[in-house]
Amino acid sequence: MAQQETDKSREPLMKQFAEIKTKHPDAVLLFRAGDFYETYKEDAHTASKTLGITLTRFKDGTEMAAFPHYALDTYLPKLIRAGHRVAICDKLEVPKQRKDHQEDKAQEKEYGVIEKVQRFEDNNMANKKKEQAKQEEPAKTVKNAAEEKPAKEQKVKSAEKTEQKTDTKAENKQDAEAKQERKPREPQMVTVNGDKVSHGHAYQSKTNPEDWFFTAKLNGQQLKPQKMDAADLAAYQKKEMTVPQLMEKYYPTKLQEKVAEDAYKMPKAMAGPDGDISINKFNVYKEKDEQRPDFGKYKFYAEVGEAKMSTVASRADLNAYFDRVATPQQLVEKNFGERLHLQSAYEKYSLPEGVDPKGVRVAKDRGDNKWKVSVDLGEKGKTSQKEISFDDGFALFKTKTATREQIAAKHLNNEIKGLLTAPVAKMEKSASVKM
């Protein structure tokens with residue numbers, strides 16, 4: 001930016017700013033100063049906040065914000081869209097025929113700025129510039145100061161008339177738009193929390209035409225698009241799948257009932273293996289350590305009693321956390337239950353039907369001195385030995401919150417199912433050959 005003038009040299013400009021601001025207190029004044037448009041005081045605050053430009057101060061504390069003159073077409077519509085009325089004040093360069101250069105300079109500072117106020121609500125900026133250029137056309141000859149002053153007063157009056165005409169047109173345009181204003185769109189569904197779902201639709205990716213996404217708005221806020229399954233897309237295009245059904249699949253936590261507001265106020269108590277335990281802290285963070293394998297992933301962090309734990313959070317659990325449809329106790333139990341040796345954490349594990357629990361064996365391997373689990377399925381064979389974690393052993397032997405069958409199911413269920421189905425497949429093959 002050009003070097004700032006001193007406070008004293010800006011006194012005439014500040015005086016003119018105050019005079020024009022008195023006439024148009026509801027407008028943001030933009031003063032042309034060299035290659036920049038500047039605005040001051042309270043208008044500087046408005047421009048800085050709306051346009052995201054820097055707010056500076058003169059030595060006397062007067063605040064100022066500015067932007068290059070060629071950026072007017074960019075910044076002016078932003079101010080208008082934000083609901084602000086704008087007044088542009090340009091210097092009127094009139095050729096002087098005075099001998100005393102200092103008197104000419106003083107005369108220019110006193111009368112050299114005229115105001116041109118428009119509502120700029122028309123998007124056709126080219127037409128606005130043509131009108132502005134006509135208003136800015138300088139006088140060709142000036143014989144004396146007495147003739148110069150009435151000419152400037154005439155331009156100010158002309159500008160005021162232009163303002164009145166523009167205001168009238170703008171008001172008529174606003175009235176016409178108000179009559180044509182559409183009624184608010186009816187929501188496609190209302191959630192159990194009273195949130196309104198609208199604009200639910202599927203669309204094709206521009207970068208990869210094979211991909212389709214579903215999205216919607218919740219209370220007017222756009223939801224993050226979710227990639228659709230091919231079957232869901234086909235059903236939606238055939239009108240066999242509705243927007244509520246798609247919302248249930250791709251945004252389930254948006255439809256679930258929220259927990260109480262104070263549910264996330266710490267500390268919180270929950271049942272532990274030996275009585276109640278206290279959750280002192282629970283939140284989400286993004287792993288920033290580039291040396292860790294889970295770098296860049298979102299993780300849950302919990303402080304339960306004296307223990308501090310973290311783990312990578314699933315997408316479903318993250319949505320439940322941010323949408324506040326699950327309590328911290330529920331998320332801690334699900335993500336840290338085994339570390340806390342909770343009985344509920346192992347209740348989800350069970351052996352396939354038909355497996356004799358007597359065949360489960362948990363013992364220490366004499367070769368590497370580690371605890372391992374295996375299952376003897378009789379005629380169907382034996383599983384391999386799988387090492388169990390410290391937390392599994394603690395829950396099994398110390399807190400008694402896990403059973404041998406649950407430990408075996410956790411580590412060996414896939415292998416057990418494979419052994420159970422293998423003989424059946426062999427018998428069917430033999431029968432087909434015999435026939």
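Just the heavy atoms: all of them, side chains too, but no hydrogens, waters or symmetry mates, feed the values below.
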Check the pair L218, K196 against side chain to side chain contact (heavy atoms under 4.5 Å, CB included), reporting the backbone distance first and the verdict last.
CA-CA 6 Å; L218 189 69; K196 297 179 180 179; over 6 Å; no
Under the side chain to side chain donor-acceptor pair (under 3.5 Å) rule, what do Y70 and D35 come out as? Steps first, then yes or no, please.
CA-CA 8 Å; Y70 55 77; D35 293 333; over 6 Å; no
Determine, step by step, whether T242 and Q188 satisfy the side chain to side chain contact (heavy atoms under 4.5 Å, CB included) criterion, reporting the C-alpha distance in whole Å, the side-chain angles of both residues, the deciding distance to 0.1 Å, and the verdict.
CA-CA 10 Å; T242 63; Q188 293 165 303; over 6 Å; no
Taking it one step at a time, do Q385 and V373 satisfy side chain to side chain contact (heavy atoms under 4.5 Å, CB included)?
CA-CA 5 Å; Q385 292 182 327; V373 61; over 6 Å; no
For a side chain to side chain contact (heavy atoms under 4.5 Å, CB included) check, start with the C-alpha distance between V86 and L76, then their side-chain angles and the critical distance, and finish with the verdict.
CA-CA 8 Å; V86 180; L76 182 57; 3.6 Å; yes
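When the ring pair (Phe, Tyr, Trp, His ring centres under 6.0 Å) test is applied to Y236, no partner is found at least two apart in sequence or on another chain. The ring pair (Phe, Tyr, Trp, His ring centres under 6.0 Å) test applied to W371 returns F397, not counting sequence neighbours. The side chain to side chain contact (heavy atoms under 4.5 Å, CB included) search around K49 returns none, not counting sequence neighbours. D365 meets the salt bridge (Lys or Arg N to Asp or Glu O under 4.0 Å) test with K372; sequence neighbours excluded. The ring pair (Phe, Tyr, Trp, His ring centres under 6.0 Å) test applied to F390 returns F394, not counting sequence neighbours. Scored by the side chain to side chain donor-acceptor pair (under 3.5 Å) test, E63 finds H45, R57 as partners (sequence neighbours excluded). Among residues two or more places apart in sequence or in another chain, the side chain to side chain contact (heavy atoms under 4.5 Å, CB included) test is passed with A18 by none. Checked against salt bridge (Lys or Arg N to Asp or Glu O under 4.0 Å), K254 has the following partners two or more places apart in sequence or in another chain: D323.
Under a cutoff of 6.0 Å and an axis angle of 45°, R324 and F322 do not form a cation-pi pair.
Smallest separation of non-hydrogen atoms from A402 and L396: O-CD1, 3.4 Å. Closest of all the heavy-atom pairs between P328 and M266 is CG-CE, 3.5 Å. In this structure, T215 and L223 approach most closely via the heavy-atom pair OG1-O, 3.0 Å. Between L342 and A271, the shortest heavy-atom contact is CD2-O, 3.5 Å. Residues I20 and C89 share a closest heavy-atom pair of CD1-SG, 3.8 Å. The shortest non-hydrogen separation linking Y37 to H69 is CD1-CA, 3.7 Å.
A salt bridge links D26 and R85; the closest N-O separation between the charged side-chain nitrogens and carboxylate oxygens is under 4.0 Å. With salt bridges taken as basic N to acidic carboxylate O contacts below 4.0 Å, none links K358 and D376.
In terms of modelled atom types and a separation under 3.5 Å, the side chain of S48 and the main chain of A44 share no donor-acceptor contact. In terms of modelled atom types and a separation under 3.5 Å, the side chain of T401 and the main chain of P273 share no donor-acceptor contact. Put simply, the side chain of D368 gets close to the backbone of K370: a donor and an acceptor are under 3.5 Å apart. Looking only at distances, no side-chain donor or acceptor of Q237 sits under 3.5 Å from a matching main-chain atom of A234.
For the pair F213 and Q204, the minimum side-chain heavy-atom distance is 4.5 Å or more. Taking the side chain as every heavy atom from C-beta outward, M270 and I279 approach each other to under 4.5 Å. Two residues are said to be in side-chain contact when any heavy atoms from C-beta on lie closer than 4.5 Å; L255 and E248 meet this criterion. At least one side-chain heavy atom of H201 sits less than 4.5 Å from a side-chain heavy atom of Y203. In this structure the side chain of M64 never reaches within 4.5 angstrom of the side chain of T39, judged on heavy atoms. Between V284 and L318, the closest side-chain pair of non-hydrogen atoms falls below 4.5 Å. Using a 4.5 Å heavy-atom threshold, the side chains of R361 and V375 count as separate. Considering only heavy atoms from C-beta on, D232 stays 4.5 Å or farther from Q245 through its side chain.
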Anything under 3.5 Å between a donor and an acceptor, one on a side chain of residues 344-354, the other on a protein residue two or more places apart or in another chain? List them.
| from | atom 1 | to | atom 2 | distance (Å) |
| --- | --- | --- | --- | --- |
| S344 | OG | E333 | OE2 | 2.3 |
| Y346 | OH | D392 | OD1 | 2.7 |
| Y349 | OH | E338 | OE2 | 2.7 |

Taking only distance into account, with no hydrogens and no angle test, what donor-acceptor pairs under 3.5 Å do side-chain atoms of residues 302-314 form with protein atoms, sequence neighbours excluded?
| from | atom 1 | to | atom 2 | distance (Å) |
| --- | --- | --- | --- | --- |
| E303 | OE2 | Y301 | OH | 2.6 |
| S314 | OG | D317 | N | 3.2 |
| S314 | OG | D317 | OD2 | 3.3 |

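Residue pairs meeting the side-chain hydrogen bond (donor to acceptor under 3.5 Å, both in side chains) criterion with at least one partner in residues 257-279, sequence neighbours excluded, are S278-N280. Residues in residues 220-231 take part in these salt bridge (charged side-chain N to carboxylate O under 4.0 Å, His left out) pairs, two or more places apart or across chains: D211-K227, D229-K249.
Counting heavy-atom neighbours within 6.0 Å of Q221 CD, excluding the residue itself, gives a total of 12 or less. Counting non-hydrogen atoms of other residues, nucleotides and ligands closer than 6.0 Å to OH of Y298 gives a total of 12 or fewer. Within 6.0 Å of atom NZ in K299, more than 12 heavy atoms from other residues, nucleotides or ligands are found, so the atom counts as buried in its surroundings. More than 12 heavy atoms of other shown residues, nucleotides or ligands fall within 6.0 angstrom of atom CZ in R32.
With rounding to the nearest 0.5 angstrom, the OG atom of S384 is 6.0 Å from the CG atom of L412. Considering CD of E186 and CE of M189, their distance stands at 15.0 Å, rounded to 0.5 Å. Rounding to the nearest 0.5 Å places OG1 of T383 at 7.5 Å from CG of L419. Taking NE2 of H411 as the reference point, atom NZ of K386 lies at 9.5 Å (rounded to 0.5 Å). To the nearest 0.5 Å, atom OG1 of residue T191 and atom CG of residue N219 are 7.5 Å apart. L420 contributes atom CG, which lies 11.0 Å from atom CD of E415 (distance to the nearest 0.5 angstrom).
Side-chain atoms of N319 and Y251 form no donor-acceptor pair, as typed in the model, at a separation below 3.5 Å.
Using bins of under 30°, 30° to 60° and over 60° for the plane-to-plane angle, the ring pair F282/Y321 lands in the perpendicular bin.
The six-membered or imidazole ring of F67 lies away from that of F36, with a centre-to-centre distance of 6.0 Å or more.
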